[in-house]
Undergrad: 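So that we are looking at the same thing, I have put the structure below in C-alpha cells.
In what follows, chains are A, B, ... by sequence order, proteins preceding strands, each numbered from 1. Note that these values count all heavy atoms, side chains included, but never hydrogens, waters or copies made by symmetry.
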Amino acid sequence: MSTISLILPDGSTLEVPRGTTGLQVAESIGSRLAKAALAVRLDGRIQDLERPLEESGEFAVYTFSDAEGQEVYRHSAAHVMAAAVLRLFREARPTIGPAIPDGFYYDFEMPRPFTEEDLERIEAEMHKLVKADLPFVRREVSVAEAREIFADNPYKLELIEELEAEGETVLSVYEMGEFTDLCRGPHVPSTGRIKAYKLTSMAAAYWRGDENRQSLQRLYGTAYPDPQALQEHLDRLEQARLRDHRKLGRELGLFTFFEQAGAGLPYYLPNGAMLRQTVCDFALQQHLRRGYQLLRTPHLIRSDIWETSGHAQQNYPMYYTDIEGQSYGIKPMNCPGHILIYNSQTHSYRDLPVRYFELGTVYRHERSGVLHGLLRVRGFTQDDAHIFCTPEQLTSELIGVLNFARDMLRTFGFSEFEVDLSTRPEKSMGSDENWEHATEALAAALQEAGLEYHVDEGEGAFYGPKIDIKLKDAIGRLHQGPTIQCDLNMPDRFDVNYVGEDGKEHRAVMIHRVVLAGIERFLGLLIEHYAGAFPIWLAPVQVRVLPITERALEYGRQVRDGLLQAGLRAELDDSQGTLSAKIRDAELLRLPYMLIVGDREAESGQVAVRHREEGDLGPQPLEDFLARLRDEAQPPRG
RNA sequence: GCCCAGGUAGCUCAGUCGGUAGAGCGUGUCCUUGGUAAGGACAAGGUCACCGGUUCAAUCCCGGUCCUGGGCUCCA
C-alpha cells in the first residue's frame, strides 16, 4: 500500500496510507481535535472528513473556530433545515442555501409564505433529523445524472446548466436521509453533529437576488456547536436590539418621523437637535483648523448643471421641480456648487490646494424599501469637502485627509477600522495614465498613514478610484464611514483649472471626501455605539438638577441658571415625586451628571454630585463642580 | 421599487369569530415634603393610520393609499 505525506499547519509532515480519511488523520493527531473536526483541507481544497485522502499535500483540520469550519457546520444545518421543510411541505422546491456570517439561510419556492408557526414545526422536525443522526453521503454524478435527479426542480437545473457551461463534468450531490441536494459540500459527517441551532426569521428573496425573477421564501437560522454559544449569540442580538437607534431615538427624545410628512425625512427633537449641532460645530472647527474654507450653497440648482455633471444622464435618483418654466433639481451632491465657486475666479498654483468645506444638505430618492431609521434617509447633510490641487499635491493632500479622518473618528470613540481601496471598474472614463496616478496616490497615502487596507478590484466609481473606511462599533459591527474619491471626470466636464508656474492653464485634480459622511447616519451610529450614554461633551443634556423637596426648588433653579451661564447644557427636574424617582428618570435618560439639592445644599451653597456610572460623589461647592466640568465637558483632544 | 408582516391612548402592548375598546408606563390634579434607580389616590386621554366599498351596523371583511418593520450580493 502506498503512502502519502501530509504537511501539517505547524510544518511537520505526517505519512499516512493513501486512502486514509481526514477524520482518521485528525484522530491520529488527537481525540479532541477529531471530536471538534468538521472538515479538512488538502492542498487548498476543503473536503469532507470521511473522504479518503488520495494525494500528498498541505493538510489542515477545520473546526468551528475557523471561518471555514463555521461555514461547513452552518451549511450542513441549512441542509437539515431544508430536509425538515421538505418533510413538512411536499410542494416546497429547494433552491440554494448557503452559510452566511453568523448563520445560514435556505430559499424555497413555496405556494405560500412561511408563518411563525411553521418555524416551530420546522425546528421540531429538525430535532428529529438531528436525533436520527443521519449521515451526509457524498456522491459524484455526471451532468446527465444530475439533470435526472433534479428533473422537477428548475432552479437546480439552472444551476446544473451553469456548472456545465463552466466546464464541470462531475457534480456532487449530498444525500441525507430522503433528502438529496445538489451541493459542492463539504458537510459534517452526520446530522447529529449539529448541536445547537435556531431558526431566526423568514423573508422573501428573489432567485439570484434579481428582482425580475421568481420571488422565493427564505428562512434564516443560525447554528453553534453548543447551546451556550447559541445563547450568547442570541444575547448579542438582544444587545443590538436594545441599542437600536430608532428605539433610543424615541426614548431619549432625539428624533422622530412623521407619516404625514413623508418617509425618510427625520425631524430632530430638542435633544437630537442639540446632539447634531454639537457634532456639526465640532466638525466645522476641525475643518477650519486644517485649512478648509467654509462654503454654503443653495439646495436648488438649474438642471443644466446636472447635465454638465453627468448626474442627469446617469439617471441619478434626484428630485426635480419647475420654476417659471425652467427645470431645477434639488442637489443630491454638493460638488457642482463647489466647482462653480472654484471656477468663479482664476486660481494660481500658488493658491492651491483649495479646500472647500460645507455641511451640505442633499436629497436623494432612495427606494422606499431601503429606508431605515437615520441610517438610510432621503434628506441628509454631509460633512462634504472638495479639495482642488495640483497632481504633485495629490498624495500629501490624501495623507492629510486620512489622518484627519482617523483623528476625528477616534474623538467620537471609534478606534478600529477596515479600509478598502477600490480600483478602476470596467465601465469608467478617463485616461489610463490618470487612473494609474490617482490609484497610486491613494495607495501611497494609505501606506504613509500606516493604514492596512484591502484592494477591491474594479469597485471604484466610474470617475475615479476611492478609499472607503469602515468603522467598528462597540459591539463589533462594521459601518461605512469616511470616503475619499479622486475625481478624474468632473474637472474635465467643468473645466476646472489653475494657472501653473509656466503661466499656462492646467487641469486641477479634485478630491471628494466626507469624514462623518451623512450626519444623520453618523448620529445613528453614535447612538448605537454609545447605547445612548454619550460622553459628556456630546450629551444633549449634561447636567440635571434634582431638588429633593419643593423648598429646594428655588435654589435648584439658581443652580441650573448658574450652569447655563457657565455654558453647560443643564436642566431642572421640577416634577413632583421622590428623589429616587427623579434619579431613576435621569439614569434612564443616561444623563452624565445629576446635581441633587436639598435644604443642606441650599444653606451651604453646595451641590450633591451624582455621576451616571460612578454614583454618589458627595457634596461640593457649585464652583468646584463648574471648574471640574469646564475641562471635562470639552471634546477630547485628538 | 418588489415580497412578506404590521399600524389600536404620548410609549409598550392586549382585545373585538362585525354591535364604536382595555392594561401598564407616561401625563394632569390632590395627598405625601421625601437624601441617591419607581410613595399613594383620583382623573383626563382613542375618527382603532387614511380613503373608498360590502353591511341594518366596520377598528374587525374587501379594495386602494400612506407609514413602519424584516428581506431582496453572498452562489450548487
Undergrad: Measuring from the side chain of A:Arg584 (C-beta onward, heavy atoms only), which nucleotide among B:rA76, B:rA37, B:rG34 has the closest atom?
TA: B:rA37

Undergrad: Side chain of A:Asn271, backbone of A:Leu252: donor and acceptor closer than 3.5 Å?
TA: yes

Undergrad: Can you figure out which of B:rA76, B:rG1, B:rG35 approaches the side chain of A:Arg378 most closely?
TA: B:rG1

Undergrad: Over all strands shown, is A:Ile583 touching base, sugar-phosphate only, or nothing at heavy-atom distances under 4.0 angstrom?
TA: base

Undergrad: Do NZ/NE/NH1/NH2 and the carboxylate oxygens of A:Arg376 and A:Glu520 come within less than 4.0 Å?
TA: no

Undergrad: Base of B:rG34, side chain of A:Glu550 - is there a donor-acceptor contact under 3.5 Å?
TA: no

Undergrad: Select one nucleotide: of B:rG71, B:rC74, B:rA49, the one nearest the side-chain heavy atoms of A:Ile100.
TA: B:rC74

Undergrad: B:rG34, B:rU32, B:rA37: which one has an atom nearest the side-chain heavy atoms of A:Gln576?
TA: B:rU32

Undergrad: What I want to check is whether an N or O donor and acceptor connect the side chain of A:Arg367 with the base of B:rC2 at under 3.5 Å.
TA: no

Undergrad: To the nearest Å, give me how far apart CG (A:Asp107) and P (B:rU73) are.
TA: 10 Å

Undergrad: Counting only non-hydrogen atoms, which of residues 524-535 of chain A are less than 4.0 Å from RNA chain B?
TA: none

Undergrad: Categorize A:Ser215 for me: base, sugar-phosphate, or nothing, with a 4.0 angstrom heavy-atom threshold over every strand shown.
TA: sugar-phosphate

Undergrad: Have a look at A:Arg600 and say if it touches a base, only the backbone sugar-phosphate, or nothing, with a 4.0 Å heavy-atom cut-off.
TA: base

Undergrad: Quick one: on RNA chain B, does A:Thr549 or A:Gly264 contact a more 5' nucleotide (nearest heavy atom)?
TA: A:Thr549

Undergrad: Starting at CZ of A:Arg612 and ending at C1' of B:rA37, how long is that distance when rounded to a whole Å?
TA: 15 Å

Undergrad: So, A:Glu109 and A:Arg93, do they make that salt bridge, N to O below 4.0 Å?
TA: yes

Undergrad: Roughly how far apart, to the nearest Å, are B:rG19 and B:rC61 at atom C1'?
TA: 15 Å

Undergrad: Taking the side chain of A:Ile548 as heavy atoms from C-beta outward, which of B:rG1, B:rU12, B:rG35 is closest to it?
TA: B:rG35

Undergrad: Are A:Tyr106 and A:Phe104 near enough that their ring centres are under 6.0 Å apart?
TA: no

Undergrad: What residues, two or more places apart in sequence or in another chain, satisfy ring pair (Phe, Tyr, Trp, His ring centres under 6.0 Å) together with A:Tyr220?
TA: A:Tyr105

